[in-house]
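Keep in mind the model is a prediction, meaning the values are calculated, not measured. FYI, side chains are in, hydrogens and waters are out, and symmetry mates aren't considered; it's all heavy atoms of this structure.
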Amino acid sequence: MPRRPTPPLGLTEHRVFANGQIEDSEKISQEQLTNAKIFHSREEYAKNFKKEIRYLEVGVAWGYSVQMFLDSTDAISADLVDWFNQDLRCWSWRKFGACQCSGMKHELLYTPDEHQDYITKKFSEYKDVNTYKGDSKDILPKLVAEGKEYDLAYIDITNYRFTTRDALRNVSKMIPVGGVIGMNDYLIYDGIIEEEPYGTFQTVNEFLQYNKNWIVDAIALHNLGFYDIYIRRVS
């Protein structure tokens, strides 16, 4: 259905959008885009990232992106934040009753109760991998308070506007100069899975509008349009 654009949220504003509305977004300045690169996939971006990083992921699912980044960068540590309460069914399996993914087919390898144990075992041979079970809005401030720092953080949780905004703000406090945050599902509307607006696009653009010491490092394309965006802290 058509959606009527409404003005972007203020920096600390919360607003409930009515059916038929969609939040407009801030524009990214050209200065923050000048050195951005485009990769044909997030896998290709991972191949080109520096080595021996400290890694954070918020929203782990079955650990595909965790393994991709750890293998590509030979990471020296990884902190993984998730509710750890799902099985391995992908979105297409949940929608259509069977996995429709190309390249891999998902299987029921664990139950929701076994989710955290599955991830812990999956990465038991990697260097210094820790899992944190619970709500990111509770866990991330604790990691901030502990003085954690990461060279690369990847956020792939719900696309709800205020959840992604909260996660990005907290994670950004743990990224030193030169570090990068990746955000999955950089789009404004999903017409494939949910038939509803997503909030990641507005969240990233808002963050860049108010944080000029961050730039767009890269955009990674996706065959169904669920792009990744990677932003880098430069000062």
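- The backbone N or O of Gly10 sits less than 3.5 Å from a side-chain atom of Glu13, completing a donor-acceptor pair.
- Side-chain atoms of Asn48 and Phe39, non-hydrogen and from C-beta on, do get closer than 4.5 Å to each other.
- In the model, Ser29 has a side-chain atom that pairs as donor or acceptor with a side-chain atom of Gln32 under 3.5 Å.
- No path of Ile, Leu, Val, Met, Phe, Trp and Tyr side chains, each step under 4.5 Å between heavy atoms, connects Phe201 with Ile192, placing them in separate hydrophobic clusters.
- Distance CD/Glu23 to CG/Leu9: 4.0 Å, rounded to 0.5 Å.
- Annotation for Glu146: atom CD counts as buried by contact number, over 12 foreign heavy atoms lying within 6.0 Å.
- At a threshold of 4.5 Å between non-hydrogen side-chain atoms, the residues Trp62 and Lys122 do not count as touching.
- With a 6.0 Å radius and a threshold of 12 heavy atoms from other residues, nucleotides or ligands, Lys37 has its NZ atom at or below the threshold.
- At a cut-off of 3.5 Å, with distance as the only test, no side-chain donor of Asp185 or Tyr227 sits close to an acceptor on the other residue.
- The hydrophobic clustering, which links ILVMFWY residues whose side-chain heavy atoms are closer than 4.5 Å, places Met183 and Tyr154 apart.
- You'll find the side chain of Leu80 reaches within 4.5 Å of the side chain of Val66, heavy atoms only.
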Derivation and outcome, side-chain contact (heavy atoms from CB on, under 4.5 Å), residues Leu143 and Met174: CA-CA 8 Å; Leu143 297 180; Met174 297 182 281; 3.7 Å; yes
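- At distances below 3.5 Å, at least one donor-acceptor pair connects side-chain atoms of Asn213 with backbone N or O atoms of Ser235.
- Checking side-chain atoms of Tyr230 against main-chain N and O of Val216 turns up no donor-acceptor pair under 3.5 Å.
- For the residue pair Thr200 / Asn159, a side-chain donor-acceptor distance below 3.5 Å is found, with atom types taken as modelled.
- Residues Tyr64 and Arg42 form a side-chain contact, since some pair of their non-hydrogen atoms from C-beta on lies under 4.5 Å apart.
- Between Asp24 and Arg4, no side-chain nitrogen of the basic residue sits less than 4.0 Å from a carboxylate oxygen of the acidic one, so the salt-bridge criterion is not met.
- Rounded to the nearest 0.5 Å, atoms OH (Tyr118) and OG1 (Thr111) are 12.5 Å apart.
- Distance alone, capped at 3.5 Å, places no donor-acceptor pair between the Asp166 side chain and the Phe162 backbone.
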Please evaluate residues Tyr198 and Arg161 with respect to the criterion side-chain hydrogen bond (donor to acceptor under 3.5 Å, both in side chains), reporting the C-alpha separation (whole Å), side-chain torsions for both, the decisive distance (0.1 Å), and the verdict. CA-CA 7 Å; Tyr198 274 19; Arg161 175 75 160 92; over 6 Å; no
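- Salt-bridge check for Asp74 with Lys127: passed, with a basic side-chain N closer than 4.0 Å to an acidic carboxylate O.
- Distance check, rounded to the nearest 0.5 Å: CG of Leu140 to CG of Asn170 gives 5.5 Å.
- Side-chain contact between Asn205 and Tyr186: present, with at least one pair of heavy atoms (C-beta onward) separated by less than 4.5 Å.
- Counting non-hydrogen atoms of neighbouring residues, nucleotides and ligands closer than 6.0 angstrom, the NZ atom of Lys121 reaches no more than 12 such neighbours.
- Ile229 and Ile181 fall within a single hydrophobic cluster, where Ile, Leu, Val, Met, Phe, Trp and Tyr are joined by side-chain heavy atoms under 4.5 Å apart, directly or via other members.
- Between Phe226 and His222, the ring-plane angle classifies as perpendicular under the 30° and 60° cut-offs.
- Ring orientation note: the planes of His115 and Phe84 are nearly perpendicular, at an angle over 60° on the 30°/60° scale.
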Using the side-chain contact (heavy atoms from CB on, under 4.5 Å) rule, take Val171 and Ile155 through it: C-alpha gap first, then chi angles, then the decisive distance, then the call. CA-CA 9 Å; Val171 170; Ile155 301 174; 4.0 Å; yes
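- Open room surrounds CD1 on Ile38; 12 or fewer heavy atoms of other groups in view lie less than 6.0 Å from it.
- Using a cutoff of 4.0 Å between basic side-chain nitrogens and carboxylate oxygens, Lys133 and Asp82 are not scored as salt-bridged.
- Aromatic ring centroids of Phe69 and Tyr55 lie under 6.0 Å apart.
- Within the 4.5 Å cutoff, no side-chain heavy atoms of Leu33 are placed close to those of Ile215.
- Looking only at side-chain heavy atoms (C-beta outward), Ile219 and Asp228 stay at 4.5 Å or farther from each other.
- Gln202 and Ser25 get closest at one heavy-atom pair: CG-CB, 3.8 Å.
- The pair Lys50-Asp151 counts as a salt bridge, with a side-chain nitrogen and a carboxylate oxygen less than 4.0 angstrom apart.
- Contact annotation: the side chain of Val204 approaches that of Ile231 to within less than 4.5 Å [non-hydrogen atoms, C-beta and beyond].
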